[in-house]
Amino acid sequence: LFHLPFLSSSTFAQNNSSKTKDQQWSNLDTRQDATLRGHGRLMLKTFGRVVRCHDELSVLEAELMAVGKRHAMMQMKPELFGKVGDALLWLLETDVAQHRWDPEHSKAFQTVTAFVTTAMAKGTEC
């Protein structure tokens, strides 16, 4: 469900000590890594929470900024947040399109994705 199309299908190399976090993540097979599958589930829950709790955006923004700060401490670059958001939109458009995806759904999820990635990026600046 959460295979990111812009990541390669190879797995981590045995010796990653000389690689940056970005290089390590780019070599990860997202379909086989349990940690990343769990991360994908958390992401989807977060997006669902933003949709359900849209009347509490200031609280959600603060929480997402904290998530962004944690990602920054793990040396994740904020520009990657947008790529992951784009991958999620791609997944929704290609999978849900078979059912009932329309321009209204697309715009709504683009708005949610922008909110999440922007709030996380703000957290990296703290």
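Given the structure is predicted, the values throughout are model-derived calculations rather than measurements.
By the side-chain contact (heavy atoms from CB on, under 4.5 Å) test, T124 is found to be paired with A72, P78, F81, residues two or more places apart in sequence or in another chain being considered. Residues satisfying the ring pair (Phe, Tyr, Trp, His ring centres under 6.0 Å) test with H54, not counting sequence neighbours, are none. Partners of R70 by side-chain contact (heavy atoms from CB on, under 4.5 Å), not counting sequence neighbours, listed by chain and number: A66, V67, M73. Scanning for side-chain contact (heavy atoms from CB on, under 4.5 Å) contacts around F47 gives M43, L88, V112, T113, V116, with sequence neighbours left out. Here Q110 pairs with S106 under the side chain to side chain donor-acceptor pair (under 3.5 Å) rule; sequence neighbours left out. Under the side chain to side chain donor-acceptor pair (under 3.5 Å) criterion, D102 pairs with H105, sequence neighbours left out. With sequence neighbours excluded, the residues satisfying side-chain contact (heavy atoms from CB on, under 4.5 Å) with E61 are M65, F115, A119, K122.
Annotation: the span from R49 atom CZ to E56 atom CD amounts to 7.0 Å, rounded to 0.5 Å. Atom OG1 in T46 sits 8.5 Å away from atom NE2 in H39 (nearest 0.5 Å). We find the CG-CG distance between L91 and D86 to be 12.5 Å, quoted to the nearest 0.5 Å. L44 contributes atom CG, which lies 7.5 Å from atom CG of L92 (distance to the nearest 0.5 angstrom).
Grouping the Ile, Leu, Val, Met, Phe, Trp and Tyr side chains by contacts below 4.5 angstrom, directly or via other members, places L42 apart from L60.
Sorted pairs that involve residues 103-118 and meet salt bridge (charged side-chain N to carboxylate O under 4.0 Å, His left out), not counting sequence neighbours, are lacking altogether.
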